[in-house]
Amino acid sequence: MGISQTQSAPQKISRDQREARFQQKGTIIWLTGLSGAGKTTVSIALENALFEQKALVTILDGDIVRSGLNQDLGFSAEDRKENIRRIGEVAKLLANQAFVVIVAFISPFREDRDWVRGSMDDGRFIEVFVDCPLEVCEERDTKGLYKKARKGEINDFTGISSPYEPPVLPEVHIKTSEHSVDDCVKQIIHFLDQAKVFKV
Ligand code: ADP
């Protein structure tokens with residue numbers, strides 16, 4: 001006797017099933033801003049806060065992704081576009097598995113960020129403008145990159161020799177030169193709570 005033809009083959013686990021299991025909606029929280037503005041710092045603090053709330057959450061950080069997945073890419077406009085395209089695709093894959101994905105990338109071009117937004121369902125792409133004046137970022141110079149860029153040792157450096165296009169209508173706008181890390185995170189959490197982001 002063969003296997004019954006009426007027995008249905010297992011189906012892939014759907015996004016809905018995962019979201020019901022984990023009690024959250026897959027969402028991308030996209031942090032954009034100049035180098036040194038505070039994206040990495042805020043993303044880690046935000047991840048901790050959401051983890052405490054039992055969210056299934058992870059971070060995709062520019063520096064880490066660039067040293068691995070995207071190590072073949074430079075900083076020309078074309079490569080930056082490809083950088084964001086790939087990271088957008090990875091973030092979407094994770095969001096479709098019900099993850100809350102915090103993305104921390106300079107992502108200087110509006111069009112590239114909007115491309116990711118446009119490929120997500122409404123309410124599942126939250127843009128956070130990590131705003132900090134160039135002078136303050138340069139003063140912080142956490143990675144010593146501004147010094148190098150000023151000496152002409154780095155081409156296409158955002159804010160110095162390559163443009164940064166701030167978001168026009170970000171869901172959240174934090175100012176890291178005026179508020180503490182904790183307060184910036186509270187501001188993001190407040191928005192997420194109020195707008196019921198990723199709540200099922
Ligand atoms: P980015 O990831 O945007 O390049 P980093 O998070 O690596 O920036 O560096 C930001 C620096 O600014 C850190 O040294 C951090 O301690 C400092 N900083 C001061 N205030 C804030 C704040 N409110 N939010 C984030 N970072 C801050």
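Keep in mind it's a predicted model, so treat the numbers as computed, not measured. We count ligands from 1, going down the list as the structure has it; atoms in each ligand are counted the same way.
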* To do: Look at atom CD of Q11 and say whether more than 12 heavy atoms of other residues, nucleotides or ligands are closer to it than 6.0 Å.
  => no
* Taking the six-membered ring for Trp, are the ring centroids of F157 and Y146 within less than 6.0 Å of each other? -> yes
* Asked: F75 ring centre to R66 NZ or CZ under 6.0 Å, with the angle to the axis within 45°?
  -> yes
If you look only at distance, which donor and acceptor atoms sit under 3.5 Å apart when one is on a side chain in residues 178-194 and the other is two or more places apart or in another chain?
| from | atom 1 | to | atom 2 | distance (Å) |
| --- | --- | --- | --- | --- |
| S180 | OG | D183 | N | 3.1 |
| Q187 | NE2 | H173 | O | 2.8 |

* **Amino acids contacting ligand 1, non-hydrogen cut-off under 4.0 Å** => L34, S35, G36, A37, G38, K39, T40, T41, V42, R140, T142, K143, T176, H179, S180, V181, C184
Extract all donor-acceptor atom pairs below 3.5 Å that involve side chains of residues 19-27 and protein atoms in other chains or at least two apart in sequence.
| from | atom 1 | to | atom 2 | distance (Å) |
| --- | --- | --- | --- | --- |
| E19 | OE1 | R124 | NH2 | 3.2 |
| E19 | OE2 | G26 | N | 2.8 |
| E19 | OE2 | R124 | NH1 | 2.9 |
| Q23 | NE2 | A20 | O | 2.8 |
| Q24 | OE1 | L56 | N | 2.9 |
| Q24 | NE2 | L56 | O | 3.0 |
| Q24 | NE2 | A98 | O | 2.6 |
| T27 | OG1 | K25 | O | 2.8 |

For residues 33-42, dump all side-chain donor-acceptor pairs below 3.5 Å to protein atoms at least two apart in sequence or in another chain.
| from | atom 1 | to | atom 2 | distance (Å) |
| --- | --- | --- | --- | --- |
| K39 | NZ | G33 | O | 3.1 |
| K39 | NZ | L34 | O | 2.8 |
| T40 | OG1 | D61 | OD2 | 2.8 |

